[in-house]
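Since the model is a prediction, treat every value here as computed from it, not as a measurement. Worth knowing before you read on, the calculation uses all heavy atoms, side chains too, and leaves out hydrogens, waters and symmetry mates.
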Amino acid sequence: MNEIQTKIKTFLGKFFGNHDLQPDEDIFANGFVNSMFAMQLVLFVEQEFQISIGNEDLEFENFRTINSIANLIERKTAVVTHSRS
């Protein structure tokens, strides 16, 4: 796991107790996420990684797994880094 994935797993682990969440495990399918938690997750991602999650990013596919969240963050930070150059 890279640093982004580790931070996401650590955050999610606070809510999932003893469950060892895997990088490709679907947190929605496993019943771990409700709408309130989904908003907490979006806030965490925005604050932890200094990115803005727009309406176009608010799709289940972007938040379904640790890997999908990490991919979203990497896409968003690449855009921010590239646009500052």
Side-chain angles (χ1 to χ4, degrees):
M1 260 199 242
N2 67 27
E3 182 182 350
I4 291 172
Q5 291 167 315
T6 301
K7 286 181 178 182
I8 296 164
K9 183 173 181 172
T10 300
F11 173 78
L12 294 174
K14 295 175 189 175
F15 300 92
F16 299 164
N18 294 330
H19 182 77
D20 183 23
L21 191 63
Q22 298 304 304
D24 283 322
E25 191 171 347
D26 189 328
I27 61 176
F28 292 95
N30 289 338
F32 291 129
V33 179
N34 60 29
S35 58
M36 184 63 79
F37 178 77
M39 292 312 299
Q40 286 179 288
L41 179 56
V42 170
L43 263 164
F44 162 76
V45 168
E46 287 184 323
Q47 292 173 351
E48 182 68 32
F49 299 99
Q50 300 296 299
I51 60 175
S52 179
I53 302 297
N55 288 338
E56 69 278 5
D57 302 315
L58 294 175
E59 297 179 14
F60 280 125
E61 290 307 314
N62 287 331
F63 293 93
R64 197 171 290 286
T65 68
I66 290 172
N67 285 340
S68 63
I69 299 167
N71 289 337
L72 171 66
I73 293 164
E74 288 166 0
R75 285 194 313 271
K76 299 292 279 186
T77 55
V79 168
V80 169
T81 302
H82 186 71
S83 66
R84 289 183 181 160
S85 310

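Ion pairing between Arg64 and Asp24 fails under the 4.0 Å rule for side-chain N and carboxylate O.
Taken from CG in Asn67 to NZ in Lys9, the straight-line distance is 11.0 Å, to the nearest 0.5 Å. Considering CG of Asn30 and CD of Glu25, their distance stands at 4.5 Å, rounded to 0.5 Å. One finds the CZ atom of Phe49 at 7.5 Å from the CD atom of Glu3 (value rounded to the nearest 0.5 Å). Note that CG of Leu43 and CZ of Phe37 are 11.5 Å apart. Values are rounded to the nearest 0.5 Å. In this structure, the separation between OG1 on Thr10 and CD on Gln5 is 11.5 Å, given to the nearest 0.5 Å.
For Glu48, the salt bridge (Lys or Arg N to Asp or Glu O under 4.0 Å) partners are Lys7, not counting sequence neighbours. Applying the side chain to side chain contact (heavy atoms under 4.5 Å, CB included) rule to Asp57 yields the partners Ile53, Asn62, Leu72, Lys76; only residues at least two apart in sequence or on another chain are considered.
By the criterion of side-chain heavy atoms lying less than 4.5 angstrom apart, applied directly or through intervening Ile, Leu, Val, Met, Phe, Trp or Tyr residues, Ile69 is grouped together with Phe15 in one hydrophobic cluster. Residue Phe28 is not grouped with residue Met39 when hydrophobic side chains (ILVMFWY) are merged at heavy-atom distances under 4.5 angstrom, including chains of intermediate members. Residues Phe60 and Ile8 share a single hydrophobic cluster, defined by chaining ILVMFWY side chains whose heavy atoms lie under 4.5 Å apart.
A donor-acceptor pair is defined here as one N or O able to donate and one able to accept, closer than 3.5 Å; such a pair exists between the side chain of Gln22 and the backbone of Asp20.
At a threshold of 4.5 Å between non-hydrogen side-chain atoms, the residues Glu61 and Ser68 do not count as touching. Counting heavy atoms from C-beta on, the side chains of Val33 and Leu41 never come closer than 4.5 Å. Between Ile27 and Phe16 the shortest side-chain heavy-atom distance falls below 4.5 Å.
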Inset, instruction - Test side-chain contact (heavy atoms from CB on, under 4.5 Å) on Phe11 and Val45 and set out the steps. - result: CA-CA 10 Å; Phe11 173 78; Val45 168; over 6 Å; no
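The number of heavy atoms from other shown groups lying within 6.0 Å of CE (Met1) is above 12. The 12-atom threshold is exceeded at CD of Glu56, counting heavy atoms of other residues, nucleotides or ligands nearer than 6.0 Å.
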